[in-house]
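In what follows, a single structure is set out as structure tokens and then discussed.
Quantities reported herein were computed from a predicted structural model and do not represent experimental measurements.
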Amino acid sequence: MTSPRSRTLYLFASAAPPVFDLGRVVERAQGEGGWNVCVGLTPTAARWIEAGLKGGLGGLEDLTGHPVRSEYKLPGEPDTWPPADAILFAPATFNSLNSWALGLTSSFVVGVAAEAIGKGIPTVTVPCVNAAYARHRQFDRSVAELRGQGVVVLYGEGGFIPNPAGSGVPEGYPWGLALEVVKGVADGPGAGG
């Protein structure tokens with residue numbers, strides 16, 4: 001098994017209020033989990049971070065030592081990140097989760113997460129949707145599809161529970177649980193592909 005300090009976690013996020021916790025989440029993953037963290041964002045999440053997080057994208061890059069990515073690299077460009085030992089996609093919005101389950105990979109982070117299924121990279125996701133989105137039939141189908149392909153989806157009892165539309169409570173987002181579970185799947189039997 002790889003030494004815990006040399007393991008790489010891809011921390012992916014969509015544009016939902018818990019995205020503003022990423023700095024603290026990176027620090028916790030590095031400190032408690034010993035992870036080498038690379039941050040990937042949907043394009044909208046990147047705009048949110050740049051506009052609303054102290055230090056913006058550069059602050060996250062300073063914290064991780066890696067560029068924050070929100071777009072695919074150009075053909076022939078070298079990959080600037082080490083290979084992932086695990087992926088945590090949180091928060092995962094309605095759009096990102098459904099796109100991922102359907103294999104629609106126009107977003108860099110969704111594309112990497114979709115490919116991770118085929119590569120056998122341990123992957124955990126925590127949705128962040130309101131109760132109105134959660135009532136859409138495609139959402140349950142997407143959760144079931146991802147679970148059926150081996151993705152750990154922390155949704156429902158013991159995971160993320162949707163709030164009524166317009167009443168989000170970002171401080172209740174289960175970051176601690178997400179980091180604990182991703183460590184568990186990365187350490188578990190068959191981890192690492």
All side chain to side chain contact (heavy atoms under 4.5 Å, CB included) counterparts of [X], not counting sequence neighbours:
X     : result
Ala92 : Phe89, Leu97, Thr125
Glu61 : Pro67, Val68
Ala45 : Ala15, Val19, Leu41, Thr42
Phe94 : Asn98, Val129, Tyr133, His136, Phe139

Hey, is Arg69 close enough to Asp79 for a salt bridge, meaning N to O under 4.0 Å?
yes

Sequence neighbours excluded, the answer for salt bridge (charged side-chain N to carboxylate O under 4.0 Å, His left out) partners of Asp62 is none

Residue list, salt bridge (charged side-chain N to carboxylate O under 4.0 Å, His left out) with Arg141, at least two apart or on another chain
none

What closest approach, in Å, do [X] and [Y] show between heavy atoms, and which atom pair accounts for it?
X      : Y      : answer
Pro127 : Tyr173 : O-CE1, 3.4 Å
Trp35  : Ala186 : CH2-CB, 3.6 Å
Val182 : Ile87  : CG2-O, 3.7 Å
Gln30  : Leu63  : NE2-O, 3.0 Å
Leu177 : Gly159 : CD2-CA, 4.1 Å
Pro162 : Asn130 : CB-C, 3.8 Å

Which pairs count as ring pair (Phe, Tyr, Trp, His ring centres under 6.0 Å) when at least one residue sits in residues 41-60, sequence neighbours excluded?
Phe20-Trp48

Side chains of residues 70-78: which donor-acceptor pairs under 3.5 Å do they make with residues two or more places apart or in other chains?
unit_1, atom_1, unit_2, atom_2, d
Tyr72, OH, Thr105, O, 2.7
Tyr72, OH, Ser107, O, 3.4
Lys73, NZ, Glu77, O, 2.9
Glu77, OE1, Leu74, N, 2.9

Return the set of residues passing ring pair (Phe, Tyr, Trp, His ring centres under 6.0 Å) with Tyr10 (not counting sequence neighbours), or none when no residue passes.
Phe12, Trp81

Side-chain touch [X]/[Y], heavy atoms, less than 4.5 angstrom:
X      : Y     : answer
Pro82  : Asn36 : yes
Leu179 : Arg28 : yes
Leu53  : Leu60 : yes

Between SG of Cys128 and CG of Asn163, what distance do you get to the nearest 0.5 Å?
8.0 Å

For Leu104, which fellow cluster members are found when Ile, Leu, Val, Met, Phe, Trp and Tyr are connected by side-chain heavy-atom distances below 4.5 angstrom, either directly or through intermediates?
Leu102

What residue pairs, at least two apart or across chains, pass side chain to side chain donor-acceptor pair (under 3.5 Å) with a residue in residues 144-161?
Glu145-Gln149

Of all pairs that satisfy salt bridge (Lys or Arg N to Asp or Glu O under 4.0 Å), the ones with a partner from residues 99-118, not counting sequence neighbours:
Glu115-Lys119

